[in-house]
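FYI, the numbering just counts along the sequence from 1.
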Amino acid sequence: MSEKGQRLEGEAEIPGATKIIFGPDKAFTAINAELDEIGASRAFIVTGNTLANKTDLIPRLVKALGKRSVGVFDGMRMHTPRDAVLASAGMARKAGADILIGVGGGSPIVGTKGTALVLAEGEDMDALCTRYDHIAKTYVVPKLTHRKLPIIVIPTTLSAGEFNSSMGITNPATGGKDIFVDPGVVPHTIIFDPVMTLATPPWLWGSTGVKGLQNAVERYMSRNRSPFSEGLGLEAIKIVFRYLKHSVDDPSDMFARGNLQFLNWMTAFGGGKGGFGLGHGICHQLGGLCHVPHGVAGCIVLPHMMEYNRPVTLERQRHIAEAMGIVGVSDEEASVKATAKVRGLVQSMGLPGRLRNADVAEADLPKVAELALRDRSLNGAPRPPKDAAEILGLLRKMY
């Protein structure tokens, strides 16, 4: 198919992390050198209850930091509720922290960024979040200019939230997720240590790997893609199908896990502002409103998004299929086979494929649709939905 006459223009975001360190045990052996380089001496850790109290990972990190450790907030819950962010910021302020270290999956990492945001900008989170202007039909992002504490993050899942400047924080008033955007909270240093992932339950590791796949696929289909993001996205898809199921079956393979951590890096780069598409908008609301883990939501939503977008992304889905090893078939057949292969990967790891299997109440679907329609992620949708009713129809197919 000729691309003559098509336009190549837009704007891409390059995450601002200064350094990425990778390798087994780097979380413990490299941390103090990073603090020296940054010029920090009072480190405050943000994490969740399980890592802090049911594994030895946080105690080991505290021991490695020695006198530089000034506190641990271990109450960052799933989907990063506002009250947890505010509590973390209060503890960090009282401890006199001069650097934040986020350890865990997407929720603690977003919570660490949220902690830095509140410490610098204040506790009125309604005034800080992105809002939709219904009259202008556009998103309004507040200018957040106060200097933030530097952040180091040590991810334990494949959520990819460590690279971007946005945060999805659950609003107790609506049950949905508010989006906050601030380049100042992009981590200074990211440490990919596969040893830190060994305490991650197989379902969580596997599902966040599929979430990484969703990032790659939706970014490749996005209206806001760039040649830079396209190449990285296709390579990320190859990595998922090469290593993810194997890493679940054999968690001791540090090479496989280490390669999968690069999935985050690849899917974070070179996309346009507002990003991925309708699938991400739906996942945000399934998380905040229905408490579905992001990875599980991705497992359910991704195949349906591939089907929904097929009429306008057929050639692109053939490229996606080729990255999965599907060759020698028509564009239509490649797209169908690629969708089936995603569903097969999800099923092979025993992960939910329908909303009803993720304990979503059918009565919540209209609210999910309504909130998803206003999500900033739809800026990148290759096939924007006409209205909330169209999204509701998709959700019913997923149910």
Inset, instruction - Could you grab the distance from atom CD of E235 to atom NZ of K238, nearest 0.5 Å is fine? - result: 5.0 Å
Inset, instruction - Nearest 0.5 Å please: distance from the CE atom of M305 over to the CG atom of L302. - result: 9.0 Å
Legend entry - Expected output: side-chain Q317 to main-chain M306 donor-acceptor under 3.5 Å: yes
Legend entry - Approximate separation, where rounding is to 0.5 Å, of K26 NZ and I191 CD1: 9.5 Å
Legend entry - Short side-chain to backbone donor-acceptor contact, S88 and A84, under 3.5 Å: no
Legend entry - Charged N-O contact under 4.0 Å between E34 and K19: yes
Inset, instruction - Report yes or no: do T130 and R376 form a side-chain donor-acceptor pair below 3.5 Å? - result: no
Legend entry - Polar side-chain atom of S335 near backbone of E332 as donor-acceptor pair, under 3.5 Å: no
Legend entry - Salt-bridge contact E362-R356 (side-chain N to carboxylate O under 4.0 Å): no
Inset, instruction - May I ask you to decide if A256's main-chain N or O and S247's side chain share a donor-acceptor pair within less than 3.5 Å? - result: no
Inset, instruction - Measure the shortest side-chain to side-chain distance between R383 and E390 over non-hydrogen atoms and say whether it is less than 4.5 angstrom. - result: yes
Legend entry - Hphob cluster co-occupancy, I154 + F262, side-chain heavy atoms under 4.5 angstrom: no
Legend entry - Any R257 side-chain heavy atom under 4.5 Å of P251 side chain: yes
Legend entry - I99 CD1 to T189 OG1 distance, which is reported to the nearest 0.5 Å: 7.0 Å
Legend entry - Cluster link V103 to V153, ILVMFWY, side chain under 4.5 Å: no
Inset, instruction - Start with the C-alpha distance between R310 and T339, add both sets of side-chain angles, then the distance that settles side-chain contact (heavy atoms from CB on, under 4.5 Å), and finish with yes or no. - result: CA-CA 10 Å; R310 187 174 292 157; T339 303; 3.1 Å; yes
Inset, instruction - Verify the cluster assignment for I109 and I31: are they in a single hydrophobic cluster under the rule of side-chain heavy atoms below 4.5 Å apart? - result: no
Inset, instruction - State plainly whether one hydrophobic cluster holds both F192 and I152, where clusters connect Ile, Leu, Val, Met, Phe, Trp and Tyr through side-chain heavy atoms under 4.5 angstrom apart. - result: no
Inset, instruction - State, to 0.1 Å, how close C290 and V360 come at their nearest heavy-atom pair, and which atoms those are. - result: SG-CG1, 4.0 Å
Inset, instruction - State, to 0.1 Å, how close A116 and I151 come at their nearest heavy-atom pair, and which atoms those are. - result: CB-CD1, 3.9 Å
Inset, instruction - List the atom of V312, the atom of P382, and the distance in Å for their closest heavy-atom pair. - result: CG2-O, 3.8 Å
Legend entry - Euclidean distance, F276 CZ relative to L378 CG, rounded to 0.5 Å: 13.5 Å
Legend entry - Shortest non-hydrogen separation from V301 to G279 and the atoms involved: CG1-CA, 3.7 Å
Inset, instruction - Please name all residues satisfying side-chain hydrogen bond (donor to acceptor under 3.5 Å, both in side chains) with D253, sequence neighbours left out, ordered by chain then number. - result: H246
Inset, instruction - Would you confirm whether D98, through its side chain, and S41, through its main-chain N or O, come within 3.5 Å as a donor-acceptor pair? - result: yes
Inset, instruction - Report yes if the side chains of R82 and D178 come closer than 4.5 Å at any heavy-atom pair, otherwise no. - result: yes
Legend entry - Side-chain touch L355/L365, heavy atoms, less than 4.5 angstrom: yes
Legend entry - Nearest non-hydrogen partners of G105 and S159, listed with the distance: C-OG, 4.2 Å
Legend entry - salt bridge (Lys or Arg N to Asp or Glu O under 4.0 Å) against E322, all qualifying residues, sequence neighbours excluded: R318
Inset, instruction - Could you tell me whether F22 atom CZ has more than 12 heavy atoms of other residues or ligands within 6.0 Å of it? - result: no
Inset, instruction - Using modelled atom types only, decide if a donor and an acceptor are shared between the side chain of Q285 and the backbone of K367 within a distance under 3.5 Å. - result: no
Inset, instruction - Using modelled atom types only, decide if a donor and an acceptor are shared between the side chain of K341 and the backbone of M324 within a distance under 3.5 Å. - result: yes
Legend entry - Steps toward side-chain contact (heavy atoms from CB on, under 4.5 Å) verdict (L395, M398): CA-CA 5 Å; L395 290 168; M398 297 176 196; 4.1 Å; yes
Inset, instruction - Starting from the C-alpha separation in whole Å, work towards a yes-or-no answer on side-chain contact (heavy atoms from CB on, under 4.5 Å) for Q214 and V342. - result: CA-CA 10 Å; Q214 181 189 13; V342 172; over 6 Å; no
Legend entry - Listed once per pair and sorted, the salt bridge (charged side-chain N to carboxylate O under 4.0 Å, His left out) pairs that draw on residues 190-215, sequence neighbours left out: none
Inset, instruction - Look at the side chain of K113 and the backbone N and O of N164, then say whether any donor-acceptor pair between them is shorter than 3.5 Å. - result: yes
Inset, instruction - Would you check if R68 and N32 make a side-chain contact, meaning some heavy-atom pair closer than 4.5 Å? - result: yes
Legend entry - CD on E230 to OG on S222, rounded to 0.5 Å: 10.0 Å
Inset, instruction - Check whether L100 and I45 end up in the same hydrophobic cluster, where Ile, Leu, Val, Met, Phe, Trp and Tyr are linked by side-chain heavy atoms less than 4.5 Å apart. - result: no
Legend entry - Note, D83 side chain near R77 side chain (heavy atom, < 4.5 Å): yes
Legend entry - Test item: side-chain donor near acceptor, R219 and S229, under 3.5 Å: no
Legend entry - Heavy-atom check, side chain of V85 versus side chain of M167, under 4.5 Å: no
Inset, instruction - Would you please name every residue forming a side-chain contact (heavy atoms from CB on, under 4.5 Å) with A30, sequence neighbours left out? - result: I21
Legend entry - Main-chain N/O of L158 paired to T208 side chain as donor or acceptor, under 3.5 Å: yes
Inset, instruction - Taking the side chain as every heavy atom from C-beta outward, state whether I320 and M221 have any atom pair closer than 4.5 Å. - result: yes
Inset, instruction - Take K148 and L117 through the test side-chain contact (heavy atoms from CB on, under 4.5 Å) and record every step on the way to the result. - result: CA-CA 7 Å; K148 311 302 183 292; L117 177 75; 4.2 Å; yes
Legend entry - ring-ring contact (aromatic ring centres under 6.0 Å, His included) contacts in which one or both residues fall within residues 87-118, not counting sequence neighbours: none
Legend entry - S107 backbone acceptor or donor facing T80 side chain under 3.5 Å: yes
Inset, instruction - Provide the closest heavy-atom pair for F28 versus L57 in the form atom of the first, atom of the second, distance. - result: CE2-O, 3.8 Å
Legend entry - Any pair counted as ring-ring contact (aromatic ring centres under 6.0 Å, His included), so long as it reaches residues 65-101, sequence neighbours left out: H79-H294
